[in-house]
**Student:** 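Before anything else, here's the structure in question.
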Amino acid sequence: MGSPYWSREQKRTFANDFENLIAVEDNANQSKVAKPPQEWMPSSKLFHCEYLKRWGYIKTKYALNESKVEKAFIHNVIEMNNCH
C-alpha cells in the first residue's frame, strides 16, 4: 500500500518514529522536506552511506515502495561510495 493510504495515526507514528528522525539544522530540514535521495542528500558525503542505509531500513519497516529511479540512484551511490 503506502503512505497515501495511511490513517492519521499511522502518519503520526511514522512522523514521530525516532528511527526516522535525524537532527539537522533548520535550513537542511526545510530543503529536504519529503524528497527522495535522488532529489536531496545530506551535504556531508561522509554521511551518505549511513543516510541511505537508514532510508532503506525505514522503507522496509513501513513497507514503502521504491521507484525505479530511486532504486537506481541508491544503488549507484552505494557502489560509488563502497557502502556495505
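The figures that follow rest on heavy atoms only: side chains count, while hydrogens, waters and symmetry mates do not.
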**Student:** Do Gln38 and Ser67 touch side chain to side chain, with heavy atoms closer than 4.5 Å?
**Tutor:**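 Heavy-atom side-chain distance check passes, below 4.5 Å.
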**Student:** Is the NZ atom of Lys71 crowded by more than 12 outside heavy atoms at less than 6.0 Å?
**Tutor:** no
**Student:** Which atom names give the shortest non-hydrogen contact between Pro36 and Trp55, and what distance separates them?
**Tutor:**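 Heavy-atom minimum between the residues: CA-CH2, 3.6 Å.
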**Student:** What distance separates Arg12 CZ from Trp6 CH2, expressed to the nearest 0.5 Å?
**Tutor:**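 Going from CZ on Arg12 over to CH2 on Trp6, the span is 13.5 Å.
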**Student:** In terms of ring plane angle, is the pair Tyr51 and Trp40 parallel, tilted or perpendicular, where the classes change at 30° and 60°?
**Tutor:**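 If you compare the ring of Tyr51 with that of Trp40, the planes turn out perpendicular.
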**Student:** Got a second to check how far Asn20's CG is from Thr13's OG1, nearest 0.5 Å?
**Tutor:** 11.5 Å
**Student:** If you measure from NE2 on His48 to OG on Ser43, what distance do you get to the nearest 0.5 Å?
**Tutor:** 7.5 Å
**Student:** In Å, rounded to the nearest 0.5 Å, how long is the span from CD of Glu70 to CD of Glu39?
**Tutor:**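 Spacing of CD (Glu70) from CD (Glu39) equals 9.5 Å.
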**Student:** Taking all non-hydrogen atoms of both residues, which atom of Val77 and which atom of Cys83 are closest, and how far apart?
**Tutor:** O-SG, 4.3 Å
**Student:** Any side-chain heavy-atom pair from Leu52 and Met41 closer than 4.5 angstrom?
**Tutor:**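 In contact.
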**Student:** Any side-chain donor paired with an acceptor under 3.5 Å for Asp17 and Tyr62?
**Tutor:**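 Yes - a donor-acceptor pair under 3.5 Å links their side chains.
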**Student:** Any Lys/Arg nitrogen of Lys59 or Glu66 sitting under 4.0 Å from an Asp/Glu carboxylate oxygen of the other?
**Tutor:** no
**Student:** Hydrophobic clustering (ILVMFWY, side-chain heavy atoms < 4.5 Å, transitive) - are Val69 and Leu64 grouped together?
**Tutor:**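 In one cluster with Leu64: Val69, no.
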